[in-house]
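Just so you know, ligand 1 is whichever comes first in the structure, and atom 1 is the first atom listed for that ligand.
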Amino acid sequence: MSIETIATRPIDGQKPGTSGLRKQTAVFQGPHFLENFVQSIWAGIGGAAGKTLVLGGDGRYFNAEAAQVVLRMAAAEGVAKVIVGQNALLSTPAASHLIRKRGTDGGIILSASHNPGGPDGDFGVKFNTPNGGPAPESVTTAIFEATKTLTEYRILTAQDVDLGTPGTLALGDMKVEVVDPVADYALLMEQIFDFDALRALFAGGFRLRFDAMHAVTGPYAKAILEDRLGAPAGSVVNGTPLPDFGKGHPDPNPIWAKTLVDEMMSRDAPDFGAASDGDGDRNMIMGRGIYVTPSDSLAALAANASLIPAYAGGLKGVARSMPTSRALDRVAADMGLDCYETPTGWKFFGNLLDSGRITLCGEESAGTGSDHVREKDGLWAVLAWLNILAKRDMPVKALMEDHWARFGRNYYSRHDYEGVDATIANAIMDDLRTRLPDLPGQEVNGLTIEAADEFAYDDPVDGSRTEAQGLRIDLTGGARIVLRLSGTGTVGATIRVYLEKVDTQVLDRDAQDALADVVAAAESLTGLRVKTGRAAPDVIT
Ligand code: G1P
Ligand code: ZN
C-alpha cells in the first residue's frame, strides 16, 4: 500500500447547496470530481489528520464505490479512524447520532436525500460537524473556497475494504470500524419514546403501514416497528434498500408516495400511514382518510409533546424554517414558547439546538426533528406520532380536527415549478424583489398586502447574518406568499411558491380550494405561469 499524490485542477460547480453537494451521478463519477471534493472537505475542516470520522450513506447507486474512495483518501490523509455503517449504509439521522454518541470529529454522509438514484439519477456528499449537524455556512464556504484552488489530492492505493461484517479492520495506518447501522439508533429511540405504550398499541390491533420506498429506512423500520414494537410482519413495505430505489422517487409526499396515499384514503385503510425518504430524514404522516401536512404535523407534535417521555418536562422552545406555515407559531404563542424563524435548510437549527434554545423544529418539506440528533429524523417523527396516538387514544383525523378547533387552521400548500430556465427564474425573482418596497398597501385579487420583504436571518447564537433567503409577502388576515429558488435541484432552476391562509371558523375545506385566492394573487404578482409558459406547477404538496 502506498500513498499516491494525484495532480488535479479545480472543477467548477462544487459549491455545496442547501444540503451538501448534490449532482447527477454521472457528474460525480467523472474524473477527479469526487476526489476533488473530498480533498476540499479535508481542507475546509482544517485538515483531517488524527481525526475520527463517521461514514455512511443511503445505499444509492455509487454509494459503495464512493465510500471506498473516501476511506482510501482518509487513510492517505492520516485520519486515525473511520466508523462506517455496515455495507456503507447509515441513515442521515443515524449518522448524526453516531457522530455525537462516539464523540467524533464529524462525518461524511453519501446521499442525495429524496432525489432519484441510479446511473441517471443523483448523488451527493455532505459533511457533518462534531455536533452531528450539517456543516454551517462558514464550513461549507471554506470547502467551496478549497475546491477553487485545488492542485492535487492524496489517495491510498489499496484493495477495497470489506464492509460486509461488523468488526475493526486496518487500512494502512487507519482503523476502520464497521458497525451495525441500526443498533445505536434503535437504542436512542427506546430512550425517547414510551415503547411499552407502543407495544400495547400494536397488541391492541392498531394497524400501521410504513412505506420505506426501497430506501435506507427499511432496515430501521423493520427492526424498530416490527421486531421491537410488535407491528405485524408486513407493516413495513418496500423495506429492502435498492440502489435505484426500485426506480422510484424516494420523496415521501402525496405525489411520490401515491400508493400509500390511495391506501390511506380507502375504506379499509390502516390506522396510520407513514413514509420516509432516500436517507431517512424526511417523513410523511397520514391517518385513515387524512394527510397531515408537515407544517401541521410539526404544530401537532409541539402541542402534544408532553405525552412523550423525553419531552414530558416541557419544551425549551421551537423553530421552523421561514416558508413553513405559521401553525407552529400559534401553538407556541398559546403555550408561551419562544418560536424561531430560520432560513430553509436544517443547518440553521444547529445553533438553536446546541445552545438549548429549542427542543423541536421542522420544515414544510417533510422534515421534523428534535434535540436528540442534529438532523431531521423521519422515523423519530413516526414514533412521536405513534406515542401521542397511543396516549390520546383517538384517530389521527380526530386529533387534527381537535387541534384546528383549538388553534385555528393554517391552510397551506407549496407549488413547485421544476426545471425552469435559470435565466427566466432569476428574472422572475429579480423583478419581484425590485417591487417589494412598493407593495405594502396595494391590493391584489381582493387581498391587501400588509408587508413585503426579502428574508434575512440573524443567528441569535453566533451573530452571523444570512441574506437573500426568499421573498415574502404578508396579506390580510394571516395569509402569506413566499417565493424562493431551490438550492438542492440539479437541473435548471426550481421555483417554489409557498401559500398560506389562516381560518379559525371553517376547518374542513380542501387546501387548494381554500387557497385559490392566494394562488391567484401570487400569479398576479409574479406572472410566473406566463413567464415560464407553464399552465400549472409540476408538483403540488
Ligand atoms: C429542500 C427543502 C428544504 C430542505 C432541503 C434538504 O431544499 O425545501 O426544506 O432542508 O431540501 O432536504 P430546497 O430545494 O428548497 O433548497
Ligand atoms: Zn433526506
Side-chain angles (χ1 to χ4, degrees), residues 15-22 56-60 90-96 109-117 122-126 128 133-135 140 212-213 215-217 220 241 245 249-253 256-257 275-284 293-295 298 319-325 341-350 361-369 373-381 412-420 425 429 455 466 468-471 482-498 538-539 541:
K15 185 175 168 46
T18 313
S19 185
L21 184 64
R22 215 172 274 184
D58 62 15
R60 68 181 57 225
L90 276 177
S91 77
T92 289
S96 179
I109 300 176
L110 307 172
S111 170
S113 187
H114 51 286
N115 295 19
D122 291 339
F123 193 77
V125 176
K126 78 175 183 170
N128 280 31
T140 52
M213 304 187 89
V216 80
T217 36
Y220 294 84
F245 307 118
H249 196 135
D251 195 359
N253 64 38
W256 301 114
S276 190
D277 72 330
D279 61 331
D281 57 359
R282 293 188 173 200
N283 72 85
M284 180 172 82
T293 69
S295 296
L298 175 62
R320 59 164 174 83
S321 68
M322 184 275 282
T324 303
S325 100
E341 183 176 47
T342 57
T344 297
W346 205 261
K347 60 190 170 202
F348 294 99
F349 294 131
C361 47
E363 298 193 86
E364 52 68 40
S365 54
T368 335
V373 288
R374 291 297 178 273
E375 290 278 6
K376 56 197 173 214
D377 189 343
L379 212 42
W380 170 91
Y412 184 82
S413 183
R414 187 180 93 188
H415 291 189
D416 290 340
Y417 296 81
E418 296 179 341
V420 175
M429 295 296 287
F455 181 55
T466 311
Q469 292 302 306
L471 310 179
V482 171
L483 238 79
R484 59 178 283 281
L485 297 183
S486 158
T488 57
T490 54
V491 182
T494 295
I495 306 176
R496 302 203 195 283
V497 187
Y498 308 82
D538 297 283
V539 178
T541 54

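The contact set between ligand 1 and Thr344, taken as ligand atoms under 4.0 Å from a residue heavy atom, comprises 3 (C), 8 (O), 9 (O). With ligand atoms numbered from 1 in the order given, ligand 1 contributes 8 (O) to contacts under 4.0 Å with heavy atoms of Arg414. Near Arg496, meaning under 4.0 Å from any of its heavy atoms, are these atoms of ligand 1: 8 (O), 13 (P), 14 (O), 15 (O). Every atom of ligand 1 is numbered from 1 in the order shown, and the set under 4.0 Å from a heavy atom of Gly487 is 13 (P), 14 (O), 16 (O).
Ring planes of Tyr412 and Tyr498: tilted class, angle from 30 to 60°.
Between the side chains of Ser113 and Asp277, a donor-acceptor pair is found at a separation under 3.5 Å. Side-chain contact check for Tyr417 and Arg496: no donor-acceptor pair (N or O, by modelled atom type) lies under 3.5 Å. Judged by distance alone, the side chains of Thr92 and Asp281 never bring a donor and an acceptor atom under 3.5 Å apart.
Between Glu363 and Arg320 no salt bridge is recorded (no basic side-chain N to carboxylate O distance below 4.0 Å).
Qualifying salt bridge (charged side-chain N to carboxylate O under 4.0 Å, His left out) partners for Arg414, counting only residues two or more places apart in sequence or in other chains: Glu364, Asp416. Scanning for ring pair (Phe, Tyr, Trp, His ring centres under 6.0 Å) contacts around Phe348 gives an empty result, with sequence neighbours left out. With sequence neighbours excluded, the residues forming a salt bridge (charged side-chain N to carboxylate O under 4.0 Å, His left out) with Asp58 are Arg60, listed by chain and number.
Nearest non-hydrogen protein atom to atom 7 (O) of ligand 1 is Thr488 CG2, 3.5 Å. When only non-hydrogen protein atoms are considered, atom 10 (O) of ligand 1 lies nearest to Glu363 OE2, 2.7 Å.
Residue contacts with ligand 1: Arg282 is placed with a nitrogen or oxygen under 3.5 Å of a nitrogen or oxygen of the ligand (distance criterion only). Looking at ligand 1, you'll find an N or O of Arg484 within less than 3.5 Å of one of its N or O atoms.
Two residues are said to be in side-chain contact when any heavy atoms from C-beta on lie closer than 4.5 Å; Phe455 and Glu341 meet this criterion.
Using a 4.0 Å cut-off between heavy atoms, Lys347 makes no contact with ligand 1 at all. Only the side chain of Lys376 comes within 4.0 Å of ligand 1, counting heavy atoms alone; its backbone N, CA, C and O stay farther away.
Within the 3.5 Å criterion, the main-chain N or O of Ser325 finds a donor-acceptor partner in the side chain of Ser295. Here the side chain of Thr217 pairs no donor or acceptor atom with the backbone of Tyr220 at under 3.5 angstrom.
Ligand 1 has at least one atom lying under 4.0 Å from a heavy atom of Gly345.
Summarising the geometry of Pro250 relative to Phe245, their closest heavy-atom pair is CG-CD1, 3.5 Å, with the distance given to 0.1 Å.
Comparing heavy-atom distances from atom 9 (O) of ligand 1 across Ser365, Ala112, Pro134 singles out Ser365 as nearest.
The Zn ion (ligand 2) has Ser113 OG, Asp277 OD2, Asp279 OD1, Asp281 OD1 as protein N, O or S atoms under 2.8 Å away.
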